[in-house]
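Sequential numbering from 1 along the given sequence is applied to the chain's residues.
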Amino acid sequence: MSWELELLLFLLALRVGFYHAKFPVAEDVVLGEMRMILEEDPTLAPSLHRMYYHDCFVQALSRAPLLAKLPRPLVVLPHADRMSSPSRSSVPLPLPEPSSRSETSAGGTSPRIGSVRSEGDAAPHRSEEKSEKQRPGRRKRKRGKGGPRRPTIALLAEEAKQRLLRVVTPTSPGTTVSPFAPAPRRPQYPPFPEDGNVEDVRKWNDECHEVSKIIKKIEKERDKDIPIKTEPKDPYTTEAIQSSREKVVVLHAAHAIVSISHIMDDGQRRPQCTGIIIKQWSDDTGHHHATIVTYSRIVCEAGRKRDPLPKLSVCLPNKKTVLDAELIYFNDHYDIALLHINLEVTMELPSFGRGPEYGQEVFVLARDGEASLRARRGDIQWLEESDILGRDHYMFLSCDIPEGGNGGMVIDNDGVVRGMAIYCSPYPAVTSISTIVKCIDMFMQFNQVARPLFGIGVRTIVLLDVQLQEDISDFGIKGGFLVDRVYNPVAEDLGIKRGNVITSINGKGALTLPELEDYLLSLGWNYLEDKLNCIKDIKLRVCDLKSGVEIDVTLPVRFYDKSEGSSLDVLFVFCHAADTSCKTSIFILGS
């Protein structure tokens with residue numbers, strides 16, 4: 001066997017968890033032994049530390065064929081040759097034997113621990129060994145005829161129980177334990193049987209397992225009051241946020257997201273979702289207020305309120321402050337609800353940009369039922385669905401949304417808010433932040449939202465399959481919208497049918513579906529500003545691919561006012577308009 005292979009096998013035996021399959025508690029036993037040895041003689045710590053810088057570790061690389069002859073395994077440190085001294089001996093340093101430790105007697109004597117020194121260093125350091133023998137409290141261990149006394153599992157369990165009681169029980173009523181008080185010692189593992197009998201080793205292994213369970217129980221009791229957990233709650237969040245820059249960006253944006261619950265009649269909090277603090281202000285009295293936008297299903301279902309006066313609670317990012325929230329508006333079509341809360345201090349808000357772009361990398365931030373941060377990383381897919389659930393404005397994520405992700409914040413790599421996440425199958429959806437802001441501004445200005453029902457399901461030409469784009473380009477069409485479905489009878493009477501291409505809407509052709517939604521909302525804003533003089537029709541340029549004929553169509557519109565709505569209400573509106581020969585399209589005023 002070559003020395004390179006010997007070295008490789010030797011190094012593999014040093015990795016963490018090497019003995020886990022055959023002896024799971026091996027590393028715990030070694031760690032426990034070393035801790036107790038250093039507790040009995042703290043002066044050994046620098047000697048053990050010096051061992052790692054001894055030149056024998058450096059020369060182990062150049063003397064790999066001799067590794068098999070070494071009395072004990074060595075740890076080969078990278079770059080150790082830069083710290084070693086060639087004048088020192090290259091003989092390996094033996095570790096202190098576990099059997100050199102004994103239980104402290106009732107008289108208070110402590111065991112003698114062998115000096116960590118190589119045989120080659122014995123002569124030059126005799127005076128040092130002599131001084132060690134003269135140290136107070138360092139006496140040789142007295143051994144009986146039967147060898148060292150091994151504690152039984154009953155004694156270990158009783159000792160651990162008493163330590164556990166000291167951990168969780170105050171010394172006396174009203175006594176305050178200092179947070180910096182020294183922690184009680186951990187239970188000790190029994191020493192390895194010296195005779196090596198198989199039955200004794202098996203019993204010793206079982207006892208070590210029991211001691212490990214007791215130690216875990218003690219640590220669990222100690223960790224109950226620790227506010228920060230060492231292990232993350234959600235490993236997917238850890239996987240999504242890797243670099244330091246990403247962590248800074250996400251943590252800054254997370255200041256503006258909260259956990260929202262609907263308090264039921266039985267006192268339970270459900271359903272739970274995430275909210276975004278989108279606006280805050282202070283009144284003349286110095287009180288602070290904030291507006292939160294969240295998922296509309298927290299208060300409604302199928303366009304109807306769950307409760308006339310819903311009880312809502314908001315848990316702030318500090319996970320301690322829980323506030324009552326007041327519902328001020330909801331719009332089921334755009335999946336948004338606006339809440340009002342009173343704050344004692346102002347919050348740090350992120351910047352709000354325009355809507356997301358196709359193919360853009362984003363993070364989805366949310367809070368679970370305990371208001372803990374959850375995050376996912378994904379992309380805005382090059383995908384659009386025509387009129388899904390009556391909504392043309394959805395964009396779609398390539399990743400799942402985390403627990404509590406309905407109403408979650410969607411940000412880009414710079415921490416700019418781009419939208420709000422919504423659960424949808426098969427892909428989670430995103431409502432553009434520009435659409436949300438337009439709805440909020442319209443409600444704040446007019447106390448209502450003019451929501452257009454175009455009555456035509458379309459898809460953007462530029463997002464179609466490349467083969468379809470090539471076929472359509474044969475007609476000289478480079479952009480616009482492909483008609484998927486027509487459920488507005490007025491549009492049908494005007495000759496618009498499935499398979500037509502709308503090349504422009506009021507002269508605008510290069511629009512995505514979210515941008516088209518924003519444009520139609522702007523028409524609703526114009527109507528609310530001046531209902532008398534507002535233009536109440538839309539001019540469409542329509543191309544029939546079968547005949548190649550292109551015509552101009554003027555689609556009349558009017559505005560329909562209803563406090564709450566659903567898809568059935570929409571169908572009723574169009575059917576009623578057709579029956580009464582009312583040749584108009586409809587705009588609905590949201591509640």
Side-chain angles (χ1 to χ4, degrees), residues 303 331-334 384-393 442 448-461 477 480-509 511 513-547 549-591:
N331 189 308
D332 186 60
H333 177 76
Y334 291 112
E384 60 184 15
E385 292 292 337
S386 172
D387 201 30
I388 180 170
L389 300 177
R391 296 159 173 83
D392 283 333
H393 57 274
M442 195 182 303
Q448 56 186 0
V449 173
R451 177 172 66 86
L453 287 181
F454 197 42
I456 303 174
V458 296
R459 287 187 292 165
T460 309
I461 295 292
I477 299 174
F481 308 94
L482 178 66
V483 177
D484 260 358
R485 181 185 177 191
V486 180
Y487 51 85
N488 182 351
V490 177
E492 287 181 334
D493 292 344
L494 293 173
I496 301 175
K497 54 183 178 293
R498 187 175 186 273
N500 289 164
V501 174
I502 301 176
T503 57
S504 67
I505 300 176
N506 282 350
K508 299 180 180 296
L511 296 175
L513 291 185
E515 291 171 343
L516 174 62
E517 194 73 27
D518 290 347
Y519 173 69
L520 295 176
L521 277 174
S522 67
L523 297 181
W525 182 288
N526 294 336
Y527 168 77
L528 295 178
E529 275 189 327
D530 189 354
K531 295 182 179 180
L532 295 178
N533 299 320
C534 175
I535 299 176
K536 298 179 177 61
D537 53 45
I538 297 177
K539 295 181 179 180
L540 307 177
R541 183 73 174 173
V542 183
C543 177
D544 182 71
L545 296 181
K546 186 175 182 180
S547 62
V549 177
E550 193 170 2
I551 61 173
D552 292 322
V553 175
T554 300
L555 185 65
V557 297
R558 71 183 179 97
F559 295 87
Y560 181 81
D561 186 6
K562 193 169 181 62
S563 58
E564 295 179 346
S566 67
S567 58
L568 294 178
D569 295 327
V570 172
L571 293 176
F572 172 78
V573 168
F574 283 123
C575 292
H576 179 71
D579 292 342
T580 57
S581 299
C582 177
K583 303 299 183 180
T584 58
S585 175
I586 308 299
F587 279 72
I588 288 186
L589 295 180
S591 61

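For the pair N500 (side chain) and K497 (backbone), a donor-acceptor distance under 3.5 Å is present. A donor-acceptor contact shorter than 3.5 Å links the side chain of N506 to the backbone of K539.
To the nearest 0.5 Å, atom CD of residue E384 and atom CG of residue D484 are 9.0 Å apart. Expressed to the nearest 0.5 Å, how far CG of L555 lies from CG of D537 amounts to 8.5 Å. Rounded to the nearest 0.5 Å, atoms CD (E517) and NE2 (H333) are 5.0 Å apart. Atoms CD1 and CG, from I502 and L482 in turn, are 9.5 Å apart once rounded to the nearest 0.5 Å. Separation of atoms CG (L520) and NE2 (H393) is listed at 12.0 Å; rounding is to 0.5 Å. To the nearest 0.5 Å, atoms CD1 (I461) and CG (L511) are separated by 13.0 Å.
Minimum heavy-atom separation, R498 to V486: N-CG2, 4.3 Å. Taking all atoms of both residues into account, the shortest heavy-atom contact from Y519 to K508 is CE1-CE, 3.3 Å. Contact record, A450 with G524: CB-CA, 3.5 Å, taken as the closest heavy-atom pair. Contact detail for L545 and G499: the closest heavy-atom pair is CD1-O, 3.6 Å.
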Practice item. Please lay out, stage by stage, how V449 and W525 fare under the test side chain to side chain contact (heavy atoms under 4.5 Å, CB included). Key: CA-CA 8 Å; V449 173; W525 182 288; over 6 Å; no

Exercise for review: Given side chain to side chain donor-acceptor pair (under 3.5 Å), test E492 with Y487 step by step and report yes or no.
Suggested key: CA-CA 8 Å; E492 287 181 334; Y487 51 85; over 6 Å; no

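Salt-bridge check for D392 with R459: failed, with every basic side-chain N at 4.0 Å or more from each acidic carboxylate O.
For the side chain to side chain donor-acceptor pair (under 3.5 Å) test, residues two or more places apart in sequence or in another chain that qualify with E550 are T503, R541.
With contacts defined as side-chain heavy-atom distances shorter than 4.5 Å, the pair D552/T554 does not qualify. Looking at heavy atoms from C-beta onward, V458 lies in side-chain contact with L513 at the 4.5 angstrom threshold. Residues F481 and I456 are not in side-chain contact: their nearest non-hydrogen atoms beyond the backbone lie 4.5 Å or more apart. Within the 4.5 Å cutoff, no side-chain heavy atoms of L540 are placed close to those of S504. Between I538 and L523 the shortest side-chain heavy-atom distance falls below 4.5 Å.
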